[in-house]
Amino acid sequence: MQERYEFKDIESKWQKIWEEEEAFKTVEDYDKEKFYVLEMFPYPSGKLHMGHVRNYSIGDVIARYKKMEGYNVLHPMGWDSFGLPAENAAIKNGIHPAIWTDSNIEEMHKQLNSLGLSYDWDREVATCKPDYYKWMQKIFIEFQKKGLAYKKENPVNWCPDCQTVLANEQVVDGVCERCKTPVTKKNLSQWYFKITEYADRLLAGLDNLPGWPDKVKTMQRNWIGRSEGAEVKFEIDGSDKELIVYTTRPDTLFGVTYMVMAPEHPFVKEFTDGTEYEEAVSAYLAECATKSEIERTSLTKEKTGVFIGKYAINPVNGKKVPIYISDYVMMDYGTGAIMAVPAHDQRDFDFAKAFGLDIIPVVDVEGVDLDNLTEAAAATGKMINSGKYDGMVNTDAINQIIADLEEKGLGKRTVNYKLRDWLISRQRYWGCPIPMIKCEKCGWVPEKEENLPILLPTDVEFTGKGDSPLTTSKTFRNTTCPCCGGPAEREIDTMDTFLDSSWYFLRYCDAKNSEEPFDKKKVDYWMDVDQYIGGVEHAILHLLYSRFFQMVLHDLGMVDKEEPFKNLLTQGMVIKDGAKMSKSLGNVVSPQEIQEKYGADTARLFILFAAPPEKELDWSDAGVEGSFRFLCRVYRLVHEYVTTIRGDKTVGDTIEIRNEADKKLNYAINATIKKVGEDAGGRFNFNTAISSIMELVNEMYKYKTGDINLELFDDAVNKLVIVLNPFVPHITEEMWEALGHTDRLYQTSWPAYDEKALIQDEVTIVVQVNGKIKDKFVLANNTSKEETEAAARQLDKVKEALDGVTVVKTIVIPNKIVNFVVR
RNA sequence: GUGGAUGUGGCGGAAUGGCAGACGCGCAUGGUUGAGGGCCAUGUGGGAGACCGUGUGGGUUCGAGUCCCACCAUCCACACCA
C-alpha cells in the first residue's frame, strides 16, 4: 500500500480490474430475489455534467449496497440517442448525426466508467441503433393495430423561419429556441397516440404507487386533470343548431347571462358569414391568429371578445342570452363553448364587467353581499333565483339538475380531462421512422413486420431549411403497399424521442434479443423497476408516457406488470452561488476538472454528502476539499494500521471487549453499520450515512491513541472499509486489498451488526420542570420509572426548582426524560 | 391566479413529539514544522448572567424545529381547463 493516496493510479487500476473480472455482469437467476436499479438514461450530448454525476452516484450507491445485501441487482445504462441536437450539429458542422452521436456516446461512456459506476455494459442500449428502433417500430405497429394510433390534422407549433414544426419543449417563451423567431400555429396532419383512452387508468394507478413522491403524483393528477360535470344543450334562436357546453357547475344554470364560444369553434363562421357581424368577427379572429404565444400568455386577465349576433336559449328557464366569441375559451377542452355565469366564475365575471353584461347570483354564499359583487362568489351555499331548486344546497342541486336534464334529454353527466392525445410526429430526420405507408387504395397501412426495421436513409441533406431532411432522400419515400402491392409512399415524419424512452427499461431486461423486443419471462423477472432515479423535470412527460406504454404493453400481453416504476426518487438540481449551473452565469463546474484534481471517489462522496438526494445541492469548492481530506484521513488510518499498528502481528479470531474504550469503539462500529444500512438502503439519506461513517473514523482516531485491542481495531478497520465501499468504490477496494484480502469488495456481503453492542450501560436522563430543562444526569440503562424519578429529585437544581411549588404531575419516560409539572 | 415544496448558526445541513445545531465547511487556539502548507488535538448559536434561541402570530401537548390553523418570504410546476 502506497503511503500517499494516489487517487489517479488507484481509480484506473480498479476500473480496469472490474472490467477484466466482469464485476458487474448480471444474469437472470430466477431463484434469487432481484433488485432493479435504474437511472434515467442520458442524451449523449458529449459531456457529463454535475447533474448526471449526482444522478448516477445515487444509483450506484443503491446498486452496490443492494448487491452487498444479496440481491441479484440489475443496473444498466444506455443512450437516449435520437433527437434534435445531433441534427443541429449536422446542419452546423456538416457531420452526419450518426457519427456525431456515436462519438459522443464513446466519450460519455468513458466518462461514466471513470466515475466507477457499476453498470452491466452488456445490456447497453442506444435508441438510435437499428437493433433498438426495429423494435420501436414493431411496438408502434402493435399500438396501431390496437387502434391507439391515428392521424389527424391539427394546429401545431410552427417556426416560420426554420420552416418546421417544433415540439412544445422547443418553444421557449414563445420563440423558436434556435432562431428566436416567434412561433405560430399551423394546421398539419400528424400522428397521435390515444393516451386519453388511458386517462382513468393512469389516474387510478397513481394510488398504487406509494413509493413515488406525492409531488410527482400530484403533478400527474393535475396534468391528467379529470373533472366531473355535465354537457348541456342550448338551442340557438333562429337556427336548428344546438350549442353544447361543458360545465362543472350545472347548479348555476339559472345564473347564465351569456354564452362564449372559442374563436375556432366551427359555428362561428357559419353564424356570422354574410351578416353585419362578419367584419367584427373576422377582425377578432385575425387578432387571435396573430397573437403569438408570448402575447397570449403574458396578457393580463383583460378579457376581449365579440358579440356574434346570435342568442342561445337557456334550457331551464327559456331565457335568451347573447353569444360571444372570446379567446378565454379554448377549442380543445370540453366542447369549445361555455355557458357564462359571472356571479360565480371569476373569468366570466371579468368578461361581464368588461362588456357590461348582467350578473345574476344563484347561490347564496355566506358572508357575500350578492347585490354588490366585487368578484365571483365561487364557494358553496344555498340555491336562490333557481325556481324549484331554491333552498337546496348547491352541491346537492348539481346532481338533481343533471338528473333532470338527462330525463328531458337536455344534457348528460360527463367527465372531462385536460390530458390531450399525444402528438408523436416530428418533421425531423434524427428519429425513429414511423413504419406507416400511405396507399392510394388502402389508406394508411403498417409496414410488414419482416421488412422492419425501416432504416433511416443516408442520402439526405441537412440544411435546416425547408422540409424534413428525409424528403431529400431519393430512396426513402417511394415504396409498395404492404396490402395491395401497388405504389405507395412512406410516412416521412419520425417519432417523438419520448417514445424511445418509454420502454428502454424493458429492453435492458433482454437487450440483445434479435427475435422480439424482449423476452416476456426475463422482463417479468426483472420488472418492475425497484428504484428509479432522475430529475423532477420528467415528472410529467417521460414518467407519464412510460406508464402509458407499460399499460398498453400489459394489455397486449407483453408484460405482466401494469406500472413500470415501483419507487421513484427525484433528485434535486446541482446549483452554485444560488443559481443553476449555466454557461452564461459562468458558474459551471465540470466533473472532469473535479476528477482531475481530487478523483472520482471525492466527487461522488461530496455530491452524496452535501445534501439529501431530493434537495438542491449547493456546490462548494471548500466542501469538495473537505471530502477529499476525509478520504485522505481514512487512507492514512488504514495505512498506519497495515504498516504499524498491525504490521506483521497476527490478528486473533476472537474479539474480547476489555474496557470502556473497547466498548465505546465496538458500539461505534455497530451503530455505524446499522445507521448506514438504514440510510443507504431504505431512506436514501446518504448525507447522514456518510456523516456516521465520519463519526466512526473520528472514534477510531481517538481510540488508537490509547491501548489498542488489535482484534477489535482490525474489525473496525475492515468494517469501515466495507461500509464506505458503496460510496467510494475505488479507494475502498485498494484498502481492502492492502488489508490482505484476496476477494473483492464488490463480492462482499454487507456486515451484520451486533444488537448487543448497541446496548449501553448508562444513559443520560434529562430533567425538566414544566418542559424547561433544568439538569441532566447519568443513570444505569433500564432503571425503573420510580427509581428514575427518585434519582431526579435528588439533584440540587431540581430541588431548588421544586422548592415551594406543588408538583401536579410527573412524566417519566425511562432512559430519556423526567418532567415535573408544577403549579 | 391554482397546486406543491421549503424556511434551523457565518455556510451546507442533523434531529421515531423528548438534551436543537450531529457531520462537514469556515474560523480560533495549541501541538508538530526552520517557515508555510499539511497533519494531530481542542474550542466554536446569542447573552456577563438568570436565561434567550429553529420565518411571523396563534393553537394542541407534561413537552413542539417536528402536529394543527393563519400569515410572510423564497423556489418549482401548471397557468383563462369552464
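Chain A is the first sequence line, chain B the second, and so forth, proteins listed ahead of strands; every chain is numbered from 1.
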Requested in this report: Look at all strands and tell whether Arg823(A) reaches a base, only sugar-phosphate, or nothing, counting heavy atoms closer than 4.0 Å.
Outcome: nothing

Query raised in the report: Out of G24(B), G4(B), G18(B), which has the shortest distance to the side chain of Ile817(A)?
Result: G18(B)

Requested in this report: Can you tell me, in whole Å, how much space there is between the C1' of G31(B) and that of U8(B)?
Outcome: 35 Å

Report task. Would you indicate, yes or no, if A41(B) has its OP1 or OP2 atom less than 4.0 angstrom from a side-chain nitrogen or oxygen of Tyr701(A)? Result -> no

Query raised in the report: Does Glu789(A) come within less than 4.0 Å of Arg793(A), counting only side-chain N to carboxylate O?
Result: yes

With 3.5 Å as the limit, what N/O pairs link the protein to nucleotides 30-32 of chain B?
none

Query raised in the report: Is the glycosidic torsion of G10(B) within 90° of 0, making it syn, or is it anti?
Result: anti

Requested in this report: Tell me whether the OP1 or OP2 atom of A50(B) has a side-chain N or O from Lys772(A) closer than 4.0 Å.
Outcome: no

Query raised in the report: Looking at C80(B), U42(B), A14(B), which one has an atom nearest to any side-chain atom of Thr688(A)?
Result: A14(B)

Query raised in the report: Taking OP1 and OP2 of A41(B), is either one under 4.0 Å from a side-chain nitrogen or oxygen of Arg633(A)?
Result: yes

Query raised in the report: Residues two or more places apart in sequence or in another chain: which of them pass side chain to side chain donor-acceptor pair (under 3.5 Å) with Glu242(A)?
Result: none

Query raised in the report: Could you give the CZ-to-P distance, from Phe630(A) to C39(B), as a whole number of Å?
Result: 14 Å

Report summary line: Nearest heavy-atom approach of Met700(A) to Leu637(A) is CE-CD2, 3.7 Å

Report task. Using only side-chain N and O atoms of Arg221(A), determine if any of them is under 4.0 Å from OP1 or OP2 of G3(B). Result -> no

Query raised in the report: Does any N or O donor sit under 3.5 Å from an N or O acceptor when you compare the side chain of Lys215(A) with the base of C76(B)?
Result: no

Query - Below 4.0 Å: OP1/OP2 of U61(B) and any side-chain N or O of Asn819(A) - result: no

Requested in this report: Using only heavy-atom distances, determine whether the side chains of Arg633(A) and Asn698(A) contain a donor-acceptor pair under 3.5 Å.
Outcome: yes

Query raised in the report: Is it true that Phe606(A) and Trp619(A) have ring centroids separated by less than 6.0 Å?
Result: yes

Query raised in the report: If we take the C1' atom in both G21(B) and C69(B), what is their distance in whole Å?
Result: 28 Å

Query raised in the report: Using a cut-off of 4.0 Å on non-hydrogen atoms, how would the nucleic acid contact of Val341(A) be classed: base, sugar-phosphate, or nothing?
Result: nothing

Query raised in the report: Looking only at side chains, do Asp679(A) and Thr688(A) share a donor and an acceptor under 3.5 Å apart?
Result: yes

Query raised in the report: Is the distance from OP1 or OP2 of G63(B) to the nearest side-chain N or O of Asn770(A) less than 4.0 Å?
Result: no

Query raised in the report: Picking from C40(B), A15(B), G12(B), which would you name as closest to the side chain of Asn685(A)?
Result: A15(B)

Query - Base-pair map of RNA chain B as dot-bracket, where | denotes pairing with a different strand and pairs are Watson-Crick or G-U under 3.5 Å - result: (((((((..(((.....[....)))(((((((.....)))))))((....))..(((((..]....))))))))))))....

Report task. Determine whether Thr304(A) and Asp327(A) make a side-chain contact, defined as any pair of heavy atoms from C-beta on separated by less than 4.5 Å. Result -> yes

Query raised in the report: Can you tell if the side chain of Ile308(A) reaches within under 4.5 Å of the side chain of Pro322(A), non-hydrogen atoms only?
Result: no

Query raised in the report: Within the modelled atom types, does a donor on one side and an acceptor on the other bring the side chain of Gln346(A) and the base of G1(B) under 3.5 Å apart?
Result: no

Query raised in the report: Arg629(A) side chain N/O closer than 4.0 Å to the phosphate oxygens (OP1, OP2) of C40(B)?
Result: no

Query raised in the report: Given the C1' atoms of U66(B) and G59(B), what is the spacing between them in whole Å?
Result: 15 Å

Requested in this report: Report yes or no: is the cationic atom of Lys303(A) (NZ for Lys, CZ for Arg) closer than 6.0 Å to the six-membered ring centre of Phe351(A), at no more than 45° off its axis?
Outcome: no

Query raised in the report: Do Tyr417(A) and Ser227(A) have side-chain N/O donor and acceptor atoms under 3.5 Å apart?
Result: no

Report summary line: note: Tyr328(A), atom OH; A79(B), atom P; distance rounded to Å ~ 19 Å

Query raised in the report: Whole-Å distance between G18(B) C1' and Asn815(A) CG?
Result: 13 Å

Report task. Look at the side chain of Lys809(A) and the base of U61(B), then say whether one donor and one acceptor between them are separated by less than 3.5 Å. Result -> no

